[in-house]
Amino acid sequence: MSSRYWLMKSEPDECAIDDALAAPAQTVPWTGVRNYQARNFMRDAMQVGDGVLFYHSSCPQPGVAGIARVASGVRPDPTQFDAASPYHDPASPPDAPRWLLLDVQALRKTRLIGLPELRNEPALTDMLLLRKGNRLSITPVTPAEWAAVLALADR
DNA sequence: GCCAACGTTGGC
DNA sequence: GCCAACGTTGGC
């Protein structure tokens, strides 16, 4: 499965779009993915240059907060071996790391496009993010959905 | 391989 | 803080 566009969830307490924009080269390592399906997207399908909807989750105002791009291929996520990290995974073998990350470069902040607004947009009714029970932190986005979200951003 | 128990996510 | 939904674990 390959896609040119993705949505990636970040808790703004940890890394908000402003934090990513303030980072060197506006680029942050996407640490903490601990779901195999999301990891496999990074490993098997995501390519440098793919578009990313930067989504704020688990916060007072969940929604799309910015536009970014995939900026690197995958490498092992060092937080899995850090006993002090909340993402520590003692079961991950150091010689065969279970968890990967890639770099994400923030391109611009958008106005906050909240969940209710996304749900209201007819072009987004099938968006994976909006499916009932969806918990995936990385989901593919279709070109039509990408265009619809960008149109909302500029509205 | 089944499935119950448990842990996590994430909106509200 | 609640709870629905889902993923993972581990006994059998």
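Worth knowing before you read on, the calculation uses all heavy atoms, side chains too, and leaves out hydrogens, waters and symmetry mates. Letters A, B, ... are given to chains in the order of the sequence lines, protein chains preceding strands, and every chain is numbered from 1.
Atom-to-atom, CG of A:Leu118 to C1' of B:dG11 comes out at 13 Å; the value is rounded to the nearest Å. B:dG11 atom P lies 6 Å from atom CG of A:Leu115, rounded to whole Å. Going from atom CG of A:Asn35 over to atom P of C:dT9 covers 12 Å, rounded to whole Å. A:Leu130 has its CG atom 14 Å from the P atom of B:dG10, to the nearest Å. Rounded to an integer number of Å, the gap from A:Gln61 CD to B:dC12 C1' is 13 Å. The CG-C1' distance, from A:Asn134 to B:dC12, rounds to 16 Å in whole Å. Atom CZ in A:Arg34 sits roughly 14 Å away from atom P in B:dG10 (whole-Å rounding). Distance A:Leu129 CG to B:dT9 P: 16 Å, rounded to the nearest Å.
Within the structure, the side-chain hydrogen bond (donor to acceptor under 3.5 Å, both in side chains) test picks out the following pairs touching residues 86-95 of chain A (sequence neighbours left out): A:Glu14-A:Tyr87, A:Gln80-A:Ser92, A:Asp89-A:Arg98, A:Asp89-A:Trp99.
Remark on DNA chain B: of its neighbouring residues A:Tyr87 and A:Pro116, the 5'-side contact belongs to A:Tyr87, judged by nearest-heavy-atom nucleotide.
Under the 3.5 Å distance criterion, with hydrogens and angles disregarded, no donor-acceptor pair is assigned to the side chains of A:Arg39 and A:Ser137.
For A:Tyr36, taking side-chain heavy atoms from C-beta onward, the closest of the listed nucleotides C:dG7, B:dG10, C:dT8 is C:dT8. Of the candidates C:dA5, C:dG7, B:dG10, C:dA5 carries the atom nearest the A:Lys132 side chain, counting heavy atoms from C-beta on.
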Open item on the list: Using side chain to side chain donor-acceptor pair (under 3.5 Å), reason through A:Thr79 and A:Arg34 one step at a time and then give a plain yes or no.
Closed with: CA-CA 11 Å; A:Thr79 64; A:Arg34 295 293 180 269; 2.9 Å; yes
Table please: side-chain donor-acceptor pairs of residues 115-131 of chain A below 3.5 Å, with sequence neighbours left out.
{"from": "A:Glu117", "atom 1": "OE1", "to": "A:Arg111", "atom 2": "NH1", "distance (Å)": "3.3"}
{"from": "A:Glu117", "atom 1": "OE2", "to": "A:Arg111", "atom 2": "NH2", "distance (Å)": "2.5"}
{"from": "A:Arg119", "atom 1": "NH1", "to": "A:Leu130", "atom 2": "O", "distance (Å)": "3.0"}
{"from": "A:Glu121", "atom 1": "OE2", "to": "A:Ala123", "atom 2": "N", "distance (Å)": "3.3"}
{"from": "A:Thr125", "atom 1": "OG1", "to": "A:Pro122", "atom 2": "O", "distance (Å)": "3.2"}

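Taking only distance into account, the side chain of A:Arg135 meets the base of B:dT8 through a donor-acceptor pair shorter than 3.5 Å.
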